[in-house]
Protein chains: 2
Amino acid sequence: MNSLAEENYLKAMLSLSNDKGEVNVNELSKRLEIKMPTVTSMMKKLSAKKLVYYQSYKPLRLTEKGRKEAAFIIRKHRLTEMFLVEKMGFGWEEVHSIAEQVEHIQSAEFFEKMDKLLGYPKLDPHGSPIPDKNGKMVWKQYRKLSECEADEVVKLSAVINTSKDFLKFLNSRHLSLGMKLKVKFIEQFDQTMLVSYGKYDKEALSHIVCERLLVEKV
Amino acid sequence: MNSLAEENYLKAMLSLSNDKGEVNVNELSKRLEIKMPTVTSMMKKLSAKKLVYYQSYKPLRLTEKGRKEAAFIIRKHRLTEMFLVEKMGFGWEEVHSIAEQVEHIQSAEFFEKMDKLLGYPKLDPHGSPIPDKNGKMVWKQYRKLSECEADEVVKLSAVINTSKDFLKFLNSRHLSLGMKLKVKFIEQFDQTMLVSYGKYDKEALSHIVCERLLVEKV
DNA sequence: GTAATAAGTTAGATTAAACTAACTAATTTA
DNA sequence: TAAATTAGTTAGTTTAATCTAACTTATTAC
Ligand SMILES: [Mn+2]
Ligand SMILES: [Mn+2]
Ligand SMILES: [Mn+2]
Ligand SMILES: [Mn+2]
């Protein structure tokens, strides 16, 4: 079994890895808020456990085994978030920090029960895909709202940043997943978008916000 | 905050402490499967944190603060067991090892939601009392089935040992909490009891088993 | 009431996971 | 391309939590 610390490294590596499956020590260090020498030594340890390919000064890569273990932790995290929202009545802004802890629970049955009670969901409350039991995870082809043009009508399908503050901001604007959004106007100066949705006609959303909203065609 | 290790010591201390609130280093050591010198050094640490009264060679005692923290962990454990049985469909024999992990989750709201969804239960699936939010916990005045006499009729209200094997044994005999039991005969030689309950007329229960079944008047 | 046994402590070692300081390699800038 | 900057490594330290070996105190047995 892997320790809690090891699990956190694996998860961070998977979520940071680029299309080639590569991550840098520096990025990992920043994400985990752990200094680089500590990351280096953990990489050597994970390499000895065949979870990571490690060569000095080269980008880091998860092995297939490492990728699967990481995906399984993310699966547990996202199932938990879904369970907390759907079965326990939490808001989507409250679940991440609880899921960060629950994801480390060692009990296949516990997460199988969650999965079953939820009806085998494919997406978590923030629109992120839940890896399947084989560790397979596919992101749909979303666009950022910030990349849309005036007059486009799209559906809000996922959010990039899942920080409590950002989600509370979305709550305050009555924005939630599945909503139809229409881009009314884009301010050229700062890219602020005026968007209509639900009963709101011209809500102003800053570029910072629009970059974090993932949408798809209606 | 207390570490996972510290929480486990506090919990073990509360569950082992006698009517005077005392525990020995040796008992703690055995319960936690941790050697005595390690226990001694942890006691000094908990003493520095004002969670334990520690004096060399004297019995150990929790402070009021320590007792409350321990009770709160037991509260989280038992609420979890109840939630797993009532809301997630686990058997009473499966929940202890999962609860051992979930009890360390740091989120008051998580356990408040459980409590509310369960309708503020007073007992866990094994008949043990769930400490209230102030850390108060009272055991009802149960007797052991082994102390009953022939012809007595009692209700099975709790079990002492909650090991998976023991609970699976009870399942195999179709024994569960709340059942009415009638003592038909007590074998003088080995104290085996012949008991009738449900559709069973003369089930033989060994002394070892009867000592672990807590009953009350019907 | 002493000797044997059990319980508890002290001292020192080990491991995991973090750190800082100092160094080296790779990349970017001018 | 040489200098400056950034990224990564090595060496050594720290803290929490465990251990063993050796010693001391308390309890039990005779
Ligand atoms: Mn999350
Ligand atoms: Mn999520
Ligand atoms: Mn239990
Ligand atoms: Mn229980």
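Reminder, nothing fancy here: chain letters follow the sequence lines and each chain counts from 1.
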Please tabulate, for the side chains in residues 31-43 of chain B, all donor-acceptor contacts under 3.5 angstrom to protein atoms that are two or more places apart in sequence or on a different chain.
from    : atom 1 : to      : atom 2 : distance (Å)
B/Arg31 : NH1    : B/Ser15 : OG     : 2.8
B/Thr40 : OG1    : B/Met36 : O      : 3.3
B/Ser41 : OG     : B/Thr38 : O      : 3.1

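Within residues 22-32 of chain B, the residues having any heavy atom closer than 4.0 Å to DNA chain C are, in order of number, B/Asn24, B/Val25, B/Asn26. Within residues 3-13 of chain A, the residues approaching DNA chain C are A/Ser3, A/Ala5, A/Tyr9, by heavy-atom distance under 4.0 Å.
To the nearest angstrom, P of D/dT9 lies 11 Å from NZ of A/Lys58. Rounded to whole angstrom, the span from the NZ atom of A/Lys35 across to the P atom of C/dC23 amounts to 20 Å. Rounded to whole angstrom, the span from the CD atom of A/Glu33 across to the C1' atom of C/dA18 amounts to 14 Å. Distance B/Lys44 NZ to C/dA11 C1': 11 Å, rounded to the nearest Å. Going from atom CD of A/Gln55 over to atom C1' of D/dG8 covers 14 Å, rounded to whole Å. What separates CE of B/Met36 from C1' of C/dA7 is a distance of 5 Å, to the nearest Å. A straight line from CG of B/Leu60 to P of C/dA7 spans 14 Å, rounded to a whole angstrom.
Here A/Asn24 pairs with A/Glu27, A/Pro59 under the side-chain contact (heavy atoms from CB on, under 4.5 Å) rule; sequence neighbours left out. Judged as a side-chain hydrogen bond (donor to acceptor under 3.5 Å, both in side chains), and not counting sequence neighbours, the contacts of B/Lys11 are B/Glu100, B/Glu103. In this structure A/Tyr53 satisfies the side-chain contact (heavy atoms from CB on, under 4.5 Å) test together with A/Arg61, A/Thr63, sequence neighbours excluded. Qualifying side-chain contact (heavy atoms from CB on, under 4.5 Å) partners for B/Ser146, counting only residues two or more places apart in sequence or in other chains: B/Lys144, B/His207, B/Cys210, B/Glu211. In this structure, A/Ala150 has no side-chain contact (heavy atoms from CB on, under 4.5 Å) partners at least two apart in sequence or on a different chain. With sequence neighbours excluded, the residues that form a salt bridge (charged side-chain N to carboxylate O under 4.0 Å, His left out) with B/Lys49 are B/Glu6.
Within the structure, the ring pair (Phe, Tyr, Trp, His ring centres under 6.0 Å) test picks out the following pairs touching residues 54-88 of chain A (sequence neighbours left out): A/His77-A/His96. Within the structure, every pair that satisfies the side chain to side chain donor-acceptor pair (under 3.5 Å) test and touches residues 121-130 of chain B, not counting sequence neighbours, is listed here: B/Glu81-B/His126.
Remark: B/Ile160 CD1 is packed, more than 12 non-hydrogen atoms of other residues, nucleotides or ligands lying under 6.0 Å away.
For A/Thr40, a side-chain nitrogen or oxygen approaches OP1 or OP2 of D/dT9 to under 4.0 Å.
Using modelled atom types and a 3.5 Å distance limit, the side chains of A/Asn161 and A/Ser163 yield a donor-acceptor pair.
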Collect all protein-nucleotide pairs involving nucleotides 22-27 of chain D in which both atoms are nitrogen or oxygen and the distance is under 3.5 Å.
none

